[in-house]
Amino acid sequence: MAKFECLVTTVVQVDKHPNADRLEILRLDNMDYNLISGVGNYKVGDKVAYIPEGSILTDEILEHLEMKDN
């Protein structure tokens with residue numbers, strides 16, 4: 001069985017994106033890859049919930065994250 005986790009972690013680094021003025025590159029604590037976000041959404045020290053790509057979320061969670069289509 002595959003292991004699935006949604007982690008609460010910390011932003012440890014925020015860098016300018018070299019090819020996009022409206023994006024930043026984020027590094028999260030204990031993660032070996034970069035994430036992309038809009039400029040100004042996060043700063044170092046912010047707590048974030050990392051939900052892995054391909055996750056299936058309940059309608060309740062989607063509504064809370066304001067991601068549910070009406």
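Just the heavy atoms: all of them, side chains too, but no hydrogens, waters or symmetry mates, feed the values below.
- The closest donor-acceptor contact from the side chain of Glu24 to the backbone of Gly40 lies under 3.5 Å.
- Cluster partners of Ile25, by chain and number: Leu23, Ile36. The rule joins Ile, Leu, Val, Met, Phe, Trp and Tyr whenever side-chain heavy atoms lie under 4.5 Å apart.
- Taken from CG in Asp32 to CZ in Arg27, the straight-line distance is 7.0 Å, to the nearest 0.5 Å.
- Other cluster members for Val48: Leu7, Val11, Val14, Leu26, Leu28, Met31, Tyr33, Leu35, Tyr42, Val44, Tyr50, joined by side-chain heavy-atom distances under 4.5 Å among Ile, Leu, Val, Met, Phe, Trp and Tyr.
- Listed by chain and number, the residues in a side chain to side chain contact (heavy atoms under 4.5 Å, CB included) with Asn41 are Ser37 (sequence neighbours excluded).
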Result block: side-chain N/O donor-acceptor pairs under 3.5 angstrom for residues 55-62, not counting sequence neighbours:
{"unit_1": "Ser55", "atom_1": "OG", "unit_2": "Pro52", "atom_2": "O", "d": "2.4"}
{"unit_1": "Thr58", "atom_1": "OG1", "unit_2": "Ile61", "atom_2": "N", "d": "3.2"}

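- Scanning for side-chain hydrogen bond (donor to acceptor under 3.5 Å, both in side chains) contacts around Thr9 gives an empty result, with sequence neighbours left out.
- Around the CG atom of Asp21, the shell of radius 6.0 Å holds no more than 12 heavy atoms that belong to other residues, nucleotides or ligands.
- Remark: Glu63 pairs with no residue by the side-chain hydrogen bond (donor to acceptor under 3.5 Å, both in side chains) rule, at least two apart or across chains.
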- What do the steps show when you test Asp15 against Asn34 for side-chain contact (heavy atoms from CB on, under 4.5 Å), and what is the final call? CA-CA 10 Å; Asp15 295 314; Asn34 295 323; over 6 Å; no

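- No more than 12 heavy atoms of other residues, nucleotides or ligands lie within 6.0 Å of NE2 in His64, so this atom counts as exposed by the packing criterion.
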